[in-house]
Peer 1: 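The structure follows.
Computed from a predicted model, the values in this text were never measured in an experiment. Chain letters run A, B, ... following the sequence lines, proteins first, then strands; residues in each count from 1.
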Amino acid sequence: MAEKITKRDINYSEWYNDLVIQSGLAENSAVRGCMVIKPHGWAIWENMKSILDKKFKDTGHVNASFPLLIPKSFLEQEEGHAEGFAKECAVVTHYRLKTHPDKKGKLIVDPESRLEEELIIRPTSETIIWNCYRGWIQSYRDLPILINQWANVMRWEMRTRLFLRTAEFHWQEGHTAHATQEEAVEETLKMLDVYADFMENYMAVPVIKGVKTANERFAGALDTYCVEAMMQDGKALQAGTSHFLGQNFAKAFDVKFLNKEGKLEYAWATSWGVSTRMMGALIMAHSDDDGLVIPPRLAPLHVVIVPIFKNAEQLAAITEKADAIIKELKALNIIVKFDDSDTAKPGWKFAEYELKGVPVRVAMGMRDVENNTVEIARRDTKEKTTVANENLGAYIQDLLEKIQQNMYDKALAFRTANTFVIDTWDAFTAQIEKGGFIYAHWDGTSETEDKIKELTKATIRCIPMDGVEEAGTCVYSGKPSNKRVLFARAY
RNA sequence: CGGGGCGUAGUUCAGCCCGGUUAGAAUGCCUGCUUUGGGAGCAGGAGGCCGCUGGUUCGAAUCCAGCCGCCCCGACCA
């Protein structure tokens with residue numbers, strides 16, 4: 001009997017923790033706030049990476065790598081950026097240890113090795129990258145620069161949760177430089193679309209695209225765009241961000257180029273990123289009390305075949321049938337595993353692969369061998385069907401597509417059922433307690449936003465991009481408003 | 001950094017209040033046999049600086065002090 005996962009409706013956050021650990025995605029490490037991503041978790045992340053990486057390359061970007069350590073002075077260059085990140089930076093002050101003079105085997109920081117200029121571990125890389133761009137950009141002919149890096153970064157968080165908020169996390173950060181404002185804005189929105197497409201078509205998580213309010217804006221950006229998703233507890237999770245940085249970093253790092261008219265101009269910047277936090281979104285959007293539910297397009301393993309046998313002869317007979325199926329599936333690029341280990345019983349294997357989120361399970365016993373059938377179980381609905389072996393490859397390929405689609409449809413239906421249009425303060429506060437997304441009017445001031453957050457813990461997730469102009473009054477202050485914004489409690 | 005809780009077998013925990021045999025259970029692990037269509041059964045076995053340091057005591061997992069670490073709730077945040 002495996003350890004029990006806390007049920008979702010008993011304690012959602014315990015369910016999440018139990019699930020991440022028991023499904024073998026990740027665990028806490030010896031270093032507080034830093035997680036170990038285990039093979040199963042990393043395999044999903046790798047799939048996310050390779051899909052996104054292709055999309056970045058298809059949109060003209062190239063990868064590079066910039067240093068982990070950033071001189072403290074770089075962070076000071078852009079004021080908003082500095083203020084935003086200063087309080088969560090790990091700082092390197094020394095470069096050497098030495099043995100303790102009295103205690104054998106103990107090491108101490110060598111006070112002689114203090115760095116002249118302290119280095120910070122990157123919380124994000126705008127500064128060190130724009131410092132480089134100064135050397136790379138002289139003319140409009142050098143633009144645009146479209147660079148992405150896959151990296152780890154560190155933000156010294158007070159409270160951490162596996163995948164959702166860790167001190168060290170893995171992500172990609174795109175950093176582009178452009179000759180014109182229009183082109184930079186276009187890039188910002190283009191990458192937001194890449195993210196939205198990825199979330200919806202691969203993660204099977206519907207998202208709302210929008211702009212952040214001033215309060216929620218990235219430190220150093222003029223505009224921050226985001227994709228917001230709803231988790232099964234009705235809370236919002238920001239799954240990706242794309243920033244229009246204007247000329248802030250070009251000015252801070254003195255990045256100027258000669259335009260066609262021979263005049264010096266500051267370059268225009270964007271940055272955009274998604275992180276291992278998406279793993280949290282994936283888990284919380286789809287999984288259930290039995291374990292992970294992974295959409296086929298991200299699953300490290302699509303199909304597991306579990307033989308049910310009493311002896312070696314039976315296993316041989318089943319294996320022969322299974323081999324044909326495996327061959328057929330592999331020809332269709334379906335990733336399949338035949339689990340013929342005799343160290344665990346079939347029932348145990350069923351539960352284990354459900355916990356790991358494998359989309360399709362094929363069970364084969366002697367009954368099936370005789371009838372030329374298999375039993376197919378889909379992870380998303382837990383339905384079991386007995387099907388004939390003929391054209392099984394095509395059947396499973398089609399089933400994987402259906403699972404992918406069903407997971408999206410289900411997530412979308414859940415979001416729709418938990419999204420409310422609200423006009424009164426009483427209704428607003430009542431609904432926020434119950435969870436979900438709320439579209440309400442807002443007077444556009446930070447003061448009102450802060451007040452609402454203080455009173456309800458809800459924040460403005462974004463000003464939706466597909467929102468329509470509509471006259472109304474602010475749900476809190478009663479002042480006039482011309483557009484609804486999206487409120488929710490968030491991760 | 002505030003408020004609370006907890007450190008005992010790989011894991012989850014009992015024992016501590018009220019000090020006294022060889023420190024227990026469940027689960028997991030190993031071996032063997034029987035099993036195998038939803039987390040099997042029986043038998044045997046291995047596994048512990050009781051978080052660390054010091055103190056009290058004839059004697060400490062248990063009492064006292066200090067330290068370290070972890071978890072939960074707040075403030076901060078992708």
Side-chain angles (χ1 to χ4, degrees), chain A residues 1-6 11 13-14 17-18 21-22 27-33 83-89 103 123-124 152-173 195 212 215-219 221 224-229 236-243 271-281 290-291 306-312 314-315 318 339-355 361-371 373-377 382 384 386 453-454 457 459 461 490-491:
Chain A
M1 191 69 97
E3 308 89 294
K4 277 268 176 279
I5 298 173
T6 304
N11 186 331
S13 68
E14 268 184 39
N17 286 334
D18 288 352
I21 289 166
Q22 287 177 37
E27 62 189 34
N28 283 309
S29 74
V31 181
R32 184 180 140 71
E83 277 176 27
F85 283 105
K87 59 189 176 298
E88 51 186 10
C89 288
K103 295 181 193 164
T124 179
N152 56 345
V153 292
M154 177 158 273
R155 297 180 188 175
W156 208 266
E157 298 291 347
M158 299 291 181
R159 277 182 67 190
T160 58
R161 292 193 66 193
L162 293 167
F163 288 118
L164 297 174
R165 178 163 296 109
T166 46
E168 180 194 22
F169 57 94
H170 296 261
W171 74 345
Q172 58 69 217
E173 43 180 328
Y195 290 154
K212 287 292 189 189
N215 284 7
E216 302 277 326
R217 196 179 288 150
F218 175 77
T224 287
Y225 296 83
C226 62
V227 283
E228 295 283 334
L237 187 141
Q238 177 180 313
T241 49
S242 185
H243 314 291
S271 69
W272 29 274
V274 293
S275 72
T276 37
R277 183 179 230 208
M278 283 195 301
M279 294 287 294
D290 295 318
V306 177
I308 298 156
F309 57 96
K310 296 187 182 183
N311 51 48
Q314 292 192 353
L315 177 59
I318 295 165
D339 187 352
D340 62 351
S341 62
D342 61 357
T343 50
K345 288 182 61 176
W348 193 91
K349 291 178 187 174
F350 292 175
E352 187 65 13
Y353 289 109
E354 276 162 11
L355 177 60
R361 180 184 73 236
V362 174
M364 293 177 74
M366 288 314 289
R367 213 154 67 208
D368 297 302
V369 170
E370 282 155 25
N371 300 335
T373 58
V374 294
E375 181 194 78
I376 291 189
K382 314 258 335 241
K384 291 196 270 196
T386 298
K453 183 177 178 184
E454 183 192 323
K457 293 187 182 133
T459 49
R461 300 320 302 152
Y491 279 97

Peer 1: Of the listed nucleotides (B:rG39, B:rG74, B:rG38), which one gets closest to any side-chain atom of A:Lys457?
Peer 2: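 The nucleotide sitting nearest to the side chain is B:rG74.
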Peer 1: I'd like to check the side chain to side chain contact (heavy atoms under 4.5 Å, CB included) partners of A:Asp340; sequence neighbours left out, ordered by chain and number.
Peer 2: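 Scan of A:Asp340 (side chain to side chain contact (heavy atoms under 4.5 Å, CB included), adjacent residues dropped) gives A:Pro307, A:Leu315, A:Phe338.
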Peer 1: Rounded to whole Å, how long is the line connecting atom CG of A:Leu315 with atom C1' of B:rG37?
Peer 2: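 That distance rounds to 15 Å.
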Peer 1: Test A:Thr224 against every option in A:Lys212, A:His243, A:Gln238, A:Arg217 by the side chain to side chain donor-acceptor pair (under 3.5 Å) rule and name the one that passes.
Peer 2: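 Only match with A:Thr224 under side chain to side chain donor-acceptor pair (under 3.5 Å): A:His243.
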Peer 1: When you compare B:rA14 with B:rC6, how far apart are their C1' atoms, in angstrom units rounded to a whole number?
Peer 2: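 Per the computed distance, 15 Å lies between those C1' atoms.
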Peer 1: Enumerate, in order of first residue number, the stems that involve RNA chain B, defined as 3 or more consecutive Watson-Crick or G-U wobble pairs with both distances under 3.5 Å.
Peer 2: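 Correct response: B:1-7 with B:68-74, B:10-13 with B:24-27, B:29-34 with B:40-45, B:51-55 with B:63-67.
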Peer 1: Just checking A:Thr166: base, sugar-phosphate only, or nothing, at a heavy-atom cut-off of under 4.0 Å?
Peer 2: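 It contacts base atoms.
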Peer 1: For B:rA40, does OP1 or OP2 lie under 4.0 Å from any side-chain N or O of A:Lys345?
Peer 2: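 It does, given that an N or O in the side chain of A:Lys345 lies less than 4.0 Å from OP1 or OP2 of B:rA40.
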Peer 1: Any base atoms under 4.0 Å from A:Asp368, or only sugar-phosphate, or nothing? Heavy atoms, all strands.
Peer 2: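 Here A:Asp368 touches the bases of the nucleic acid.
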Peer 1: Name the closest nucleotide to the A:Phe350 side chain, picking from B:rG37, B:rG38, B:rC76.
Peer 2: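 Of the candidates, B:rG38 comes closest.
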Peer 1: Of all the nucleotides listed (B:rG37, B:rC76, B:rG38), which has the minimum atom distance to the side chain of A:Glu157?
Peer 2: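 Output: B:rC76.
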Peer 1: How many angstroms lie between CD in A:Glu88 and CZ in A:Arg155, if you round to the nearest 0.5 Å?
Peer 2: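 Here the rounded value is 6.0 Å.
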Peer 1: In whole Å, measure the gap between the P atoms of B:rC13 and B:rU36 for me.
Peer 2: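 Looking at atom P only, B:rC13 and B:rU36 are 36 Å apart.
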Peer 1: Students often get this wrong, so: under 4.0 angstrom with heavy atoms, is A:Phe169 touching a base, only sugar-phosphate, or nothing?
Peer 2: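 Contact class for A:Phe169: base.
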Peer 1: Taking the same atom, P, in B:rG7 and in B:rC16, what whole-Å distance lies between them?
Peer 2: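 After rounding to an integer number of Å, I get 13 Å for this pair.
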Peer 1: Reading RNA chain B from 5' onward, which residue's closest nucleotide shows up sooner: A:Thr276 or A:Val31?
Peer 2: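 Of the two residues, A:Val31 wins.
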Peer 1: Taking salt bridge (Lys or Arg N to Asp or Glu O under 4.0 Å) as the test, write out the residues that go with A:Glu454, two or more places apart.
Peer 2: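 For A:Glu454, the residues satisfying salt bridge (Lys or Arg N to Asp or Glu O under 4.0 Å) (neighbours in sequence not counted) are A:Lys451.
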Peer 1: At under 4.0 Å between heavy atoms, what does A:Lys87 touch on the DNA or RNA strands: base, sugar-phosphate, or nothing?
Peer 2: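 Here A:Lys87 touches the backbone only, sparing every base.
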Peer 1: Have a look at A:Lys384 and say if it touches a base, only the backbone sugar-phosphate, or nothing, with a 4.0 Å heavy-atom cut-off.
Peer 2: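 Base contact.
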Peer 1: List the residues meeting salt bridge (Lys or Arg N to Asp or Glu O under 4.0 Å) with A:Lys382, not counting sequence neighbours, and say none if there are none.
Peer 2: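 Listed in chain order: A:Asp290, A:Glu354.
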Peer 1: Looking across every strand, which nucleic acid part, if any, lies under 4.0 Å from A:Arg161 by heavy atom: base, sugar-phosphate, or nothing?
Peer 2: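 The answer is nothing, as A:Arg161 stays clear of every strand by at least 4.0 Å.
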Peer 1: Between N or O atoms, less than 3.5 Å apart, protein on one side and nucleotides 1-3 of chain B on the other: list the pairs.
Peer 2:
none

Peer 1: If we take the P atom in both B:rU53 and B:rA61, what is their distance in whole Å?
Peer 2: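 To the nearest whole Å, 13 Å.
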Peer 1: Classify the nucleic acid contact of A:Leu164 as base, sugar-phosphate or nothing, counting any heavy atom under 4.0 Å across all strands shown.
Peer 2: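 Base, at least one base heavy atom under 4.0 Å.
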Peer 1: If you assign each of A:Asn17 and A:Gly365 to its closest nucleotide in RNA chain B, which residue comes earlier from the 5' end?
Peer 2: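 The answer here is A:Gly365.
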Peer 1: Kindly write out the residues that satisfy salt bridge (Lys or Arg N to Asp or Glu O under 4.0 Å) with A:Glu83, not counting sequence neighbours, or none if the list is empty.
Peer 2: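 A:Glu83: no salt bridge (Lys or Arg N to Asp or Glu O under 4.0 Å) contacts found.
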Peer 1: Look at all strands and tell whether A:Phe309 reaches a base, only sugar-phosphate, or nothing, counting heavy atoms closer than 4.0 Å.
Peer 2: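 The residue A:Phe309 makes base contact.
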